[in-house]
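Notes for the one structure printed next.
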Protein chains: 2
Amino acid sequence: MTRAINDMPGISAATKQRVLDAARELQYRPSRFGRGLVSRGTPTLGLVVVDLTNGFWAELASAVLDEATERGWTVLIAETSHDARSAVATLLDHVDALFGLVDVPETELDELVGPTPIVLLDPKPDLRRRAWVRLDFESAMADAASHLVSKARRRIVMLDWSRSQPRSERATSFVHAVEGLGLDPLVLRHTATSEPSIDLGRLAAEEALVQWPDLDAFVCFNDPIAVGALKACQAVGRSVPADVSIIGVDGSAVGLVVTPELTTLSFDFRELARTAFSTLLASVEGSLADGGPAAHRPVRPQLVVRGSS
Amino acid sequence: MTRAINDMPGISAATKQRVLDAARELQYRPSRFGRGLVSRGTPTLGLVVVDLTNGFWAELASAVLDEATERGWTVLIAETSHDARSAVATLLDHVDALFGLVDVPETELDELVGPTPIVLLDPKPDLRRRAWVRLDFESAMADAASHLVSKARRRIVMLDWSRSQPRSERATSFVHAVEGLGLDPLVLRHTATSEPSIDLGRLAAEEALVQWPDLDAFVCFNDPIAVGALKACQAVGRSVPADVSIIGVDGSAVGLVVTPELTTLSFDFRELARTAFSTLLASVEGSLADGGPAAHRPVRPQLVVRGSS
DNA sequence: CTGAAAGCGCTTACAG
DNA sequence: CTGAAAGCGCTTACAG
């Protein structure tokens, strides 16, 4: 039977055919559990994304899928936009390890994830006892600020977004960069119930244009917010980039679709996926103590200058 | 042990604690195979997409994830953009059923998929012995053609794409619709090795503008191609929609990002996911004979008129 | 080449 | 409450 199904040697053609026929007759399908129990199966990674229709997550998922395939891992994806807890809980029944953004209070994480190895993507400080990948915006934000100043921009507004933090990491880096150049950091923070989308960016930019009528640049939490800001500027007749410069964060495809194309702090998603995997493997092997100073690795975006600045 | 881990009744607090401590000590993680073997686990769907960075597939994946979660299924995603065969083969070790686009020759499908239930998304005719979901463009293309004619368009060019077919289904529907209105159907087909992307759309549109200088409308294989056509028109100074109308197919977010916004034949992705699931369940239960006339259900896009026409 | 036992790691059902 | 046997569906290793 095993010999027929998996066509192994040591079986006569006649017997094999007879078994195969019977299998078809009975609609026999081998159980992945029975098989996995003895042959261990290929390792499976659970990828936790917020929303695949957001370019950042789609690019990340695509890169993780590629990287995982090369390493012989399979990937299971869960979206947390509806219910993070149940999405993660379901994943856990199927995977050997997790990677992604799990935005739950610190006390819940242990209970939710249990002993499964996990690599968190850019977590809040209180979750950093686990292995994690840091998105480090310091140098890219400094580049962005210098670039804007070289274009004679002085009133630069950050359109920030965050669900539970007072300020995102990228906004903190923005403040450092702008203050380092002797300018006032202007930050508009949206802690919305909604995702950081184009629509939200448009609303935020409209608000900012009222609050600081003399603003001459937007630096945005991500590319969708930046696209929204672009739309808002175009709607009120503020020319981009002549009158207002706009810079996003992501480097996803949406920035290439708009006119003018979007200047952005662009991630190398493949590098991000590679970093996540090597962190994960080190963490699984135990060569990396959770939470220790070596338990995370930074990934840095690069300033890509296009038409919007 | 089982009682402690899954905190079931019939165990004293002291013993439970002792077991839990030991488990932590030994880094014990229950095997999903052992567990699944006895408790069957939740059913798992393998979703086969081409490329998550394409809005169509991202929207579809998101909708399938939602639908699956509601039905208590888990979803595993594989991307076929690099290697369809190995992507599907890997998936098969992990799932109970498949849904998606598997673009292999008819003779290979049985060998590749074996007895696993599969619902194909809009397959070529020779693959339709399996259960499948039909994307039916007839009525939407008729609406699109009428709409264009009402805008006094007469020289309408379809920018088609297909990897292995002489003509896509949507191009066939386009030809029916345009001929039905007494016009010449102009079709430019790109059977590229590359995906139907913005860049490809731009190239195709440039080519079409040379071949038919008097064209006054584009109907495109998908929204990325349409966005590329829009960019091509803007690059050569053909005004959209005054001079050239553009209509895409998808209804994904990219069409809302461009200026003018894209008229498109828009899918209800949630409906598509629902249809796939009900087809799948019927197919699994055997209430639906593979290939029979009832083995597929049509999903129809709707014409959504926006600025580009 | 063919057959059947042992064992993978769990949960369920039963005995103590 | 605690312990240990039976069995889930496979593959591997061994006997015939």
Side-chain angles (χ1 to χ4, degrees), chain A residues 1-46 72-74 76 88-98 111-117 284 286, chain B residues 1-46 72-74 76 89-98 111-117 284-286:
Chain A
M1 157 73 168
T2 294
R3 293 183 270 249
I5 297 286
N6 305 336
D7 57 19
M8 307 169 88
I11 184 172
S12 71
T15 321
K16 182 166 169 180
Q17 196 47 246
R18 210 155 45 83
V19 174
L20 255 30
D21 286 347
R24 172 140 7 88
E25 186 68 30
L26 300 169
Q27 298 231 33
Y28 170 77
R29 296 199 49 216
S31 149
R32 66 175 186 276
F33 298 113
R35 180 171 286 168
L37 199 53
V38 49
S39 53
R40 315 270 64 196
T42 60
T44 303
L45 175 69
W73 284 59
T74 306
L76 242 161
V88 173
T90 311
L91 258 194
L92 279 168
D93 285 345
H94 297 259
V95 304
D96 302 302
L98 288 176
E111 186 189 350
L112 183 60
V113 174
T116 304
V284 169
Chain B
M1 157 72 167
T2 294
R3 292 183 270 248
I5 297 287
N6 305 336
D7 57 21
M8 307 170 87
I11 185 173
S12 72
T15 319
K16 181 166 168 180
Q17 196 48 245
R18 211 153 45 83
V19 174
L20 255 29
D21 287 348
R24 171 142 6 87
E25 188 67 29
L26 299 170
Q27 297 233 32
Y28 169 78
R29 296 200 48 216
S31 149
R32 66 175 186 273
F33 298 112
R35 180 171 287 168
L37 199 52
V38 48
S39 51
R40 314 273 58 201
T42 59
T44 303
L45 175 70
W73 284 59
T74 307
L76 241 161
T90 311
L91 258 194
L92 279 168
D93 285 345
H94 297 259
V95 304
D96 302 301
L98 287 176
E111 187 189 349
L112 183 61
V113 174
T116 304
V284 170
E285 288 166 7

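In what follows, chains are A, B, ... by sequence order, proteins preceding strands, each numbered from 1.
Taking only side-chain nitrogens and oxygens, T15(B) never comes nearer than 4.0 Å to OP1 or OP2 of dC1(D).
For the residue pair T44(A)/R32(B), the side-chain donor-acceptor check at 3.5 Å is satisfied.
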A correct 5'-to-3' footprint of nucleotides 4-16 of chain C, with B, S and - meaning base, sugar-phosphate only and no protein heavy atom under 4.0 Å, is ----BBSBSB---
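We find that D96(B) and R29(A) are not joined by a salt bridge, their nearest charged nitrogen and carboxylate oxygen being 4.0 Å or further apart.
The side-chain contact (heavy atoms from CB on, under 4.5 Å) test with Y28(A) is passed by exactly one of L20(A), V19(A), I5(A): I5(A). Here the rule is side-chain contact (heavy atoms from CB on, under 4.5 Å) with T116(A), and of L91(A), L92(A), V88(A) only L92(A) fits it.
When the side chain to side chain donor-acceptor pair (under 3.5 Å) test is applied to S31(A), no partner is found at least two apart in sequence or on another chain.
Stem regions annotated for DNA chain C: C:1-3 with D:14-16, C:5-12 with D:5-12, C:14-16 with D:1-3, counting only runs of 3 or more consecutive pairs of Watson-Crick or G-U type with both contacts under 3.5 Å.
Looking at L45(A) and T74(A), their side chains never come closer than 4.5 Å, going by heavy atoms from C-beta outward. With a 4.5 Å cut-off on side-chain heavy atoms, T42(B) and H94(A) count as touching. Inter-residue side-chain proximity for R24(B) and D21(B) is flagged as met; some heavy-atom pair is nearer than 4.5 Å.
For Q17(B) and dC1(D), the CD to P distance is 16 Å, given to the nearest whole Å.
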